[in-house]
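Handing you a structure now.
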Amino acid sequence: MDSRQPKWLGNAIFYEIYPQSFMDSNDDGTGDFQGIIQKLDYISELGCNAIWLNPCFESPFNDAGYDVSDYKKTAERYGTNEDLKQLFDEVHARGMHIIFDLVPGHTSWEHKWFKESSESARNEYTDRYIWTDSIWEEPEGLNTLRGLSERDGSCVVNFFSHQPALNYGFYKPDPDKKWQQSTDDEGPRATLEALKDIMRFWLDMGCDGFRVDMAGSLVKNDEDGKGTIALWQKIRSFLDEEFPDAAMVSEWGEPDKSLKGGFHMDFLLHFGPSHYNDLFRCEEPFFSSRGKGDISEFVNKYKENYEKTERKGLICIPSGNHDMDRLRRFLNEDEIRIAFAFLLSMAGAPFIYYGDEIGMRYVEGLASVEGGYGRTGARSPMQWDSTKNAGFSRASTDKLYISQDSDPDRPTVLKAKSEENSILNEVKRLISVRQSHKALQSMGEIEFLYAEKNAYPLAYLRSEGEEKILVIINPSDKEASFKSEYDPITSIYNIGDKALKSGGKIIAAPCSAGFYLV
């Protein structure tokens with residue numbers, strides 16, 4: 001294990017909380033910190049020992065809080081900084097950890113920094129953002145914001161028009177474009193120091209680390225991510241000196257780069273080269289019982305990254321997140337149970353998106369809320385019980401942050417607890433097994449034994465020291481087999497019938513998952 005790795009990440013299982021939609025304590029229709037505190041015991045009982053909290057800073061909420069207007073102040077609708085400190089303390093009192101969603105690449109256009117940077121007179125924030133020298137010049141390959149201030153120039157934006165990009169410099173500045181500053185220029189260095197200051201503020205308060213939004217995008221014109229890697233290495237040195245136990249998880253999707261930059265784990269993206277969507281979110285997902293999916297490209301890419309990262313296995317695979325359709329849009333409840341057998345037996349820290357553990361559905365046909373657009377249906381309020389608004393809020397239904405699943409048979413925590421074979425109870429069992437075996441935890445090694453193109457089952461070996469665990473997963477509704485030297489005799493976990501050894505082959509039953517000591 002890397003000496004810089006916080007020990008608690010070794011068996012961490014994260015629960016992602018989208019604060020707007022988790023639990024409303026003051027009846028205004030929007031979730032808040034006190035609501036989260038009320039439900040910490042639920043998260044702990046589920047077996048999750050870490051929380052990823054989506055952005056909760058002051059914001060105009062044109063992008064659900066990813067457009068920050070003050071990095072050191074919580075949004076009033078969630079509570080105060082004191083409420084957030086209480087949340088930290090309550091999390092820690094339960095032996096759990098909590099990481100923030102850090103948005104270092106851009107701010108809201110309502111941030112004080114941007115307002116100052118937009119002025120024509122030079123000031124300390126003039127170079128905090130990336131501006132061209134002329135309103136008529138738009139950088140090639142980059143979107144811009146322009147014509148809204150007295151300053152002459154176009155300001156680069158990262159995604160939405162209201163999100164001006166912070167200036168960390170250009171890895172290879174064009175000498176003919178004086179506005180392209182190097183990473184060593186005064187403006188980019190000031191931005192980096194401001195980022196350290198933000199991190200220091202929350203870590204001092206009790207935050208245990210950060211999941212970093214768009215971590216690979218900070219330096220522009222960045223050949224092979226070299227400039228951004230160097231930037232994060234500077235952050236790594238700062239953290240090693242002042243906050244050695246702070247966890248850093250990157251939204252990068254290229255673990256060979258993010259781990260080199262000093263991140264502890266990399267968070268797989270649903271776009272780019274990972275083939276993550278082949279698992280759960282495509283026309284024929286691998287985890288569909290129809291048995292028409294393909295996991296081979298995902299595994300090939302995973303193995304490539306695994307080797308590039310010196311077999312560290314620190315690649316986090318989420319059940320979903322606020323940017324993806326719900327699992328339940330593509331898979332039924334039985335299929336999701338088997339999908340969780342995979343998610344909770346892979347290397348790296350698992351991430352469970354709130355509500356996936358009860359099979360919450362994607363809510364179709366919703367108007368966009370706070371820049372959600374097609375993502376809005378995956379951000380609906382948590383469904384706790386059979387009371388008004390499924391126990392999320394006592395506000396009138398028309399005041400809810402996002403409309404809920406209106407089906408009277410919608411899944412709830414209360415209902416799931418009473419059903420032995422519910423997704424919720426399956427997740428609890430899986431977490432218990434994972435936490436009882438180091439080979440199944442974040443740092444255990446992984447070797448894929450069978451992951452052939454357009455074929456089932458999936459089989460891999462997890463190991464740590466003397467312990468070896470064979471994982472066999474067959475989501476297909478047909479029996480599947482593969483040649484193996486191992487014999488699945490000693491079962492420690494099963495969904496469906498156990499696998500059998502016959503004539504040098506292991507035969508996996510239809511719609512099954514099993515873990516076997518070998």
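Everything quoted here is computed from the prediction, not taken from an experiment. Numbers here simply count residues along the sequence, with the first being 1. As a basis for the values below, the full set of heavy atoms in this structure was taken, side chains included, without hydrogen atoms, waters or symmetry mates.
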### Task
Over all heavy atoms of both residues, which pair between C316 and A349 is shortest? Give the atoms and the distance, please.
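Closest pair (atom of C316, atom of A349, distance): CB-O, 3.3 Å.
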### Task
Please confirm whether the backbone N or O of V212 pairs with a side-chain atom of E251, one donor and one acceptor, at under 3.5 Å?
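A pair under 3.5 Å: no.
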### Message
Could you tell me if Y302 and Y460 have a donor-acceptor pair between their side chains, going purely by distance under 3.5 Å?
### Response
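No, no side-chain donor-acceptor contact under 3.5 Å.
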### Task
Output all residues satisfying ring-ring contact (aromatic ring centres under 6.0 Å, His included) with Y66, sequence neighbours left out; order by chain, then residue number.
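Result, ring-ring contact (aromatic ring centres under 6.0 Å, His included) vs Y66: H322.
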### Message
Could you tell me if T309 and D256 have a donor-acceptor pair between their side chains, going purely by distance under 3.5 Å?
### Response
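There is no such pair (donor and acceptor under 3.5 Å, judged by atom type) between the side chains of D256 and T309.
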### Query
Taking it one step at a time, do Y456 and F286 satisfy ring pair (Phe, Tyr, Trp, His ring centres under 6.0 Å)?
CA-CA 9 Å; Y456 291 78; F286 178 77; 4.5 Å; yes
### Query
Is R211 positioned over the aromatic face of F267, cation under 6.0 angstrom from the ring centre and no more than 45 degrees off axis?
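Ring-cation test returns yes.
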### Query
So, does W384 use its side chain to make a donor-acceptor pair with the main chain of F22 at under 3.5 Å?
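Yes, W384 side chain to F22 backbone: donor-acceptor pair under 3.5 Å.
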#### Entry: Taking every non-hydrogen atom, the tightest pair across G374 and D325
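Residues G374 and D325, closest heavy atoms: O-OD1, 4.2 Å.
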### Message
H275: which residues meet the ring-ring contact (aromatic ring centres under 6.0 Å, His included) condition with it, sequence neighbours left out?
### Response
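ring-ring contact (aromatic ring centres under 6.0 Å, His included) list for H275, sorted by chain: empty.
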### Query
Side chains of E254 and N305: donor-acceptor distance under 3.5 Å anywhere?
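Checked: E254/N305 side chains show no N/O donor-acceptor pair below 3.5 Å.
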### Task
Check the surroundings of atom CD in E304: do more than 12 heavy atoms from other residues, nucleotides or ligands lie under 6.0 Å from it?
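It does: E304 CD has more than 12 such atoms within range.
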### Query
Are I492 and H437 side-chain neighbours, meaning at least one heavy-atom pair lies under 4.5 Å?
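Yes, close enough: below the 4.5 Å cut-off.
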### Message
Side chains of N26 and Q34: any donor to acceptor distance under 3.5 Å?
### Response
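There is no such pair between these side chains.
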### Query
Does a side chain donor of either N49 or S44 reach within less than 3.5 Å of an acceptor in the other side chain?
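There is no such pair (donor and acceptor under 3.5 Å, judged by atom type) between the side chains of N49 and S44.
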### Task
Could I get the full list of ring-ring contact (aromatic ring centres under 6.0 Å, His included) partners for F263, not counting sequence neighbours?
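Expected list: W232.
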### Query
Just checking, any donor-acceptor pair under 3.5 angstrom between side chains of H106 and N158?
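A donor-acceptor contact under 3.5 Å links the two side chains.
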### Query
Mind checking what makes side-chain contact (heavy atoms from CB on, under 4.5 Å) contact with S403, not counting sequence neighbours?
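Once residues adjacent in sequence are excluded, the partners of S403 under the side-chain contact (heavy atoms from CB on, under 4.5 Å) criterion are L366.
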### Task
Taking D278 for its side chain and F298 for its backbone only, find out whether a donor-acceptor pair lies under 3.5 Å.
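Absent.
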### Query
Relative to each other, are the rings of Y15 and Y42 parallel, tilted or perpendicular (30° and 60° limits)?
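It falls in the perpendicular class, over 60°.
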#### Entry: Main-chain N/O of A439 paired with R462 side-chain donor or acceptor, under 3.5 Å
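Yes.
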### Pair D27 + R394: basic N to acidic O under 4.0 Å
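A salt bridge is present here (some side-chain N lies under 4.0 Å from a carboxylate O).
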### Task
Quick one: list whatever passes side-chain hydrogen bond (donor to acceptor under 3.5 Å, both in side chains) with D407, sequence neighbours left out.
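Not a single residue meets the side-chain hydrogen bond (donor to acceptor under 3.5 Å, both in side chains) criterion with D407.
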### Query
What's the verdict on salt bridge (charged side-chain N to carboxylate O under 4.0 Å, His left out) for R290 and E284, showing C-alpha distance, side-chain angles and the deciding distance?
CA-CA 8 Å; R290 293 186 295 273; E284 290 293 348; 2.9 Å; yes
### Donor-acceptor under 3.5 Å (D213 side chain, V103 main chain)
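Answer holds: no.
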### Query
Hey, is CD on E307 packed in by over 12 heavy atoms from elsewhere, all under 6.0 Å?
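Yes - once you tally the heavy atoms of other residues, nucleotides and ligands closer than 6.0 Å, there are more than 12.
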### Task
Without swapping roles, check the side chain of K415 against the backbone of R410 for a donor-acceptor pair under 3.5 Å.
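Answer holds: yes.
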### Task
Measure the shortest side-chain to side-chain distance between W8 and D208 over non-hydrogen atoms and say whether it is less than 4.5 angstrom.
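W8 reaches D208 side chain to side chain.
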### Message
Would the distance check show the side chain of R375 and the main-chain N or O of D323 forming a donor-acceptor pair, the cut-off being under 3.5 Å?
### Response
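Not a single qualifying donor-acceptor pair exists.
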### Task
Mind checking side-chain contact (heavy atoms from CB on, under 4.5 Å) for P411 and listing every partner two or more places apart, or none if nothing turns up?
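In terms of side-chain contact (heavy atoms from CB on, under 4.5 Å), with neighbours along the sequence ignored, P411 is linked to R361, Q383, D405.
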### N/O donor-acceptor pair under 3.5 Å between N389 side chain and A395 backbone
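Between the backbone of A395 and the side chain of N389 there is a qualifying donor-acceptor contact (under 3.5 Å).
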### Task
Would you check, one step at a time, whether the test side-chain hydrogen bond (donor to acceptor under 3.5 Å, both in side chains) holds for T412 with D385?
CA-CA 5 Å; T412 66; D385 55 38; over 6 Å; no
### Task
Report yes if some heavy atom in the side chain of E333 is under 4.5 Å from a heavy atom in the side chain of S422; otherwise report no.
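Side chain of E333 against side chain of S422, heavy atoms only: no contact under 4.5 Å found.
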### Task
Tell me, please, which residues at least two apart from F100 pass ring-ring contact (aromatic ring centres under 6.0 Å, His included).
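Result, ring-ring contact (aromatic ring centres under 6.0 Å, His included) vs F100: F57, F88, W202.
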#### Entry: Donor + acceptor pair across side chains of D32, S25 (<3.5 Å)
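A donor-acceptor contact under 3.5 Å links the two side chains.
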### Query
With distance as the sole test, does R328 use its side chain to make a donor-acceptor pair with the main-chain N or O of L331 at under 3.5 Å?
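Yes; at least one donor-acceptor contact below 3.5 Å.
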#### Entry: Closest non-hydrogen atom pair, I229 against K257
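Of all heavy-atom pairs spanning I229 and K257, the closest is CG1-O, 3.7 Å.
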### Message
Applying side-chain contact (heavy atoms from CB on, under 4.5 Å) to M199 and F210, what does each step give before you reach the verdict?
### Response
CA-CA 8 Å; M199 297 172 77; F210 302 95; 3.8 Å; yes
#### Entry: Non-neighbouring partners of P350 that pass side-chain contact (heavy atoms from CB on, under 4.5 Å), sequence neighbours left out
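Once residues adjacent in sequence are excluded, the partners of P350 under the side-chain contact (heavy atoms from CB on, under 4.5 Å) criterion are I13, L344, R434.
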### Query
For G444 and A347, which heavy atoms make the closest approach, and how far apart are they?
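Scanning both residues, the minimum pair turns out to be O-CB, 3.9 Å.
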### Task
Return the minimal non-hydrogen interatomic distance between M265 and M443, and the atom names on each side.
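That would be CE-CE, 4.2 Å.
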#### Entry: Any pair counted as salt bridge (charged side-chain N to carboxylate O under 4.0 Å, His left out), so long as it reaches residues 481-501, sequence neighbours left out
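Sorted pair list comes back empty.
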#### Entry: More than 12 heavy atoms of other groups within 6.0 Å of E364 CD
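Enclosed: over 12 neighbouring heavy atoms sit under 6.0 Å from CD of E364.
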### Message
With no hydrogens and no angle check, just 3.5 Å: does a side-chain donor-acceptor pair link R379 and Y401?
### Response
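The criterion, which ignores hydrogens and geometry beyond distance, is not satisfied for Y401 and R379.
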### Task
Work out which heavy atom in L279 is nearest to a heavy atom in P285; give both atom names and the distance.
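Heavy-atom minimum between the residues: O-CB, 3.4 Å.
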### Task
Flag this pair as yes if the NZ/CZ of R77 is under 6.0 angstrom from the six-membered ring centre of F61 and inside a 45 degree cone about the axis; otherwise no.
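Pair R77/F61 counts as cation-pi.
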#### Entry: Set of residues satisfying salt bridge (Lys or Arg N to Asp or Glu O under 4.0 Å) with respect to D356, sequence neighbours excluded
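Listed in chain order: R326.
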### Message
Under a 3.5 Å distance rule, please check whether D24 uses its side chain to pair with a backbone N or O of G29 as donor and acceptor.
### Response
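Such a contact is found between D24 side chain and G29 backbone.
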Using a 3.5 Å cut-off and no angle test, enumerate the donor-acceptor pairs between side-chain atoms of residues 505-518 and protein atoms at least two apart in sequence or in another chain.
unit_1: S512; atom_1: OG; unit_2: A509; atom_2: O; d: 2.6
unit_1: Y516; atom_1: OH; unit_2: N494; atom_2: ND2; d: 3.1
unit_1: Y516; atom_1: OH; unit_2: A499; atom_2: N; d: 2.8

#### Entry: Name of the residue among F342, F330, F340, Y276 meeting ring pair (Phe, Tyr, Trp, His ring centres under 6.0 Å) with F287
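Of all the options given, the one that passes is F342.
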### Message
With no hydrogens and no angle check, just 3.5 Å: does a side-chain donor-acceptor pair link S108 and D67?
### Response
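No - no donor-acceptor pair under 3.5 Å links their side chains.
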#### Entry: Under the side-chain contact (heavy atoms from CB on, under 4.5 Å) test, residues paired with S380 that sit two or more places apart
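Once residues adjacent in sequence are excluded, the partners of S380 under the side-chain contact (heavy atoms from CB on, under 4.5 Å) criterion are M360, V363, I402.
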#### Entry: Exceeds 12 heavy-atom contacts within 6.0 angstrom, atom NZ of K428
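More than 12 within 6.0 Å, yes.
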### Query
Hey, which of D63, N143, T107 is the one that makes side chain to side chain donor-acceptor pair (under 3.5 Å) with Q163?
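One option only clears the test, and that one is D63.
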